[in-house]
Amino acid sequence: MSSIYFDKPTVIRSHLDFSISDAVPAGDTRTGLYFYATILDDHAILYSWLDQNLEAFLGKIPSVYHQSLPQLFQTSCNSHNQGLMNGFFEGRGDLYASALAKANETMESCIGRRARESDALDRFLAQYSD
């Protein structure tokens, strides 16, 4: 589930649909969603899919993972995806509140670090370019 890299929307949706099928063990169901949250610059397609499939997704994954769902998306390091995450989870009750706060803290740290260190990284990498 995590060894493939796709960014075409139809393939992403098919992959996520497959992840909630009977062909995938329950413990592996979250892998596709986490994988795409890690590699995609824009998570809109993920929240669109999750909005349409949340009940099936939650019904498939072990219940111990339900409350930590927002943390699947914390690997993103941009405010656009953070806004999408908050927009999706904030109105869905207390179940996600703790994990959403932790995910926001992780994302804010990454966004701040990127803003703070990007110029230094660019200068460092420039030393090794032609």
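- In this structure, Leu84 CG and His80 NE2 are separated by 4.0 Å, a value rounded to the nearest 0.5 Å.
- Distance check: Lys60 NZ to Asn53 CG gives 12.5 Å after rounding to the nearest 0.5 Å.
- Summarising the geometry, atom CG belonging to Asp42 is positioned 15.0 Å from atom OH belonging to Tyr36; distances are rounded to the nearest 0.5 Å.
- Closest approach of Pro25 and Ala23 over heavy atoms only: CD-O, 3.9 Å.
- To the nearest 0.5 Å, atom CG of residue Asn104 and atom CD1 of residue Ile111 are 8.5 Å apart.
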Legend entry - Audit row: Asp41, Asn78, side chain to side chain donor-acceptor pair (under 3.5 Å) steps and yes/no: CA-CA 8 Å; Asp41 291 331; Asn78 71 59; 5.7 Å; no
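- Listed by first then second residue, pairs satisfying ring pair (Phe, Tyr, Trp, His ring centres under 6.0 Å) with a partner in residues 99-130 read Phe124-Tyr128, not counting sequence neighbours.
- Side chains of Leu40 and Ile12 form a contact here, defined as non-hydrogen atoms less than 4.5 Å apart.
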Give every donor-acceptor pair under 3.5 Å between a side-chain atom in residues 89-103 and any protein atom, sequence neighbours left out.
unit_1	atom_1	unit_2	atom_2	d
Arg92	NE	Phe88	O	2.7
Arg92	NH2	Asp51	OD1	3.0

Inset, instruction - Mind running side chain to side chain contact (heavy atoms under 4.5 Å, CB included) on Met85 and Gln74 for me, showing each step along the way? - result: CA-CA 9 Å; Met85 180 185 70; Gln74 71 186 15; 5.6 Å; no
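- Proximity of a side-chain donor or acceptor of Ser68 to a complementary backbone N or O of Tyr65 within less than 3.5 Å is detected.
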Inset, instruction - With side chain to side chain contact (heavy atoms under 4.5 Å, CB included) as the test, would you mind laying out the steps for Ser76 and Met107 before giving the verdict? - result: CA-CA 7 Å; Ser76 178; Met107 292 174 86; 3.7 Å; yes
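- Note that the NE2 atom of His43 and the CD atom of Gln82 stand 11.5 Å from one another [nearest 0.5 Å].
- In this structure, Leu72 CG and Leu50 CG are separated by 9.0 Å, a value rounded to the nearest 0.5 Å.
- For the pair Phe57 and Leu69, the minimum side-chain heavy-atom distance is below 4.5 Å.
- Applying the side chain to side chain donor-acceptor pair (under 3.5 Å) test to Gln71 and every residue at least two apart in sequence or in another chain returns nothing.
- Using modelled atom types, no side-chain atom of Thr75 and backbone atom of Tyr34 make a donor-acceptor pair closer than 3.5 Å.
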Legend entry - Verdict with reasoning, Leu46 to Asn81, per side chain to side chain contact (heavy atoms under 4.5 Å, CB included): CA-CA 10 Å; Leu46 303 178; Asn81 287 336; over 6 Å; no
Inset, instruction - Decide yes or no on side chain to side chain contact (heavy atoms under 4.5 Å, CB included) for Asp7 and Ile39, but give the supporting numbers first. - result: CA-CA 9 Å; Asp7 58 4; Ile39 66 167; 5.9 Å; no
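- In summary, of the residues considered (Leu33, Val11, Ile45), a side-chain contact (heavy atoms from CB on, under 4.5 Å) with Leu16 occurs for Leu33 alone.
- For the pair Arg114 (side chain) and Cys77 (backbone), a donor-acceptor distance under 3.5 Å is present.
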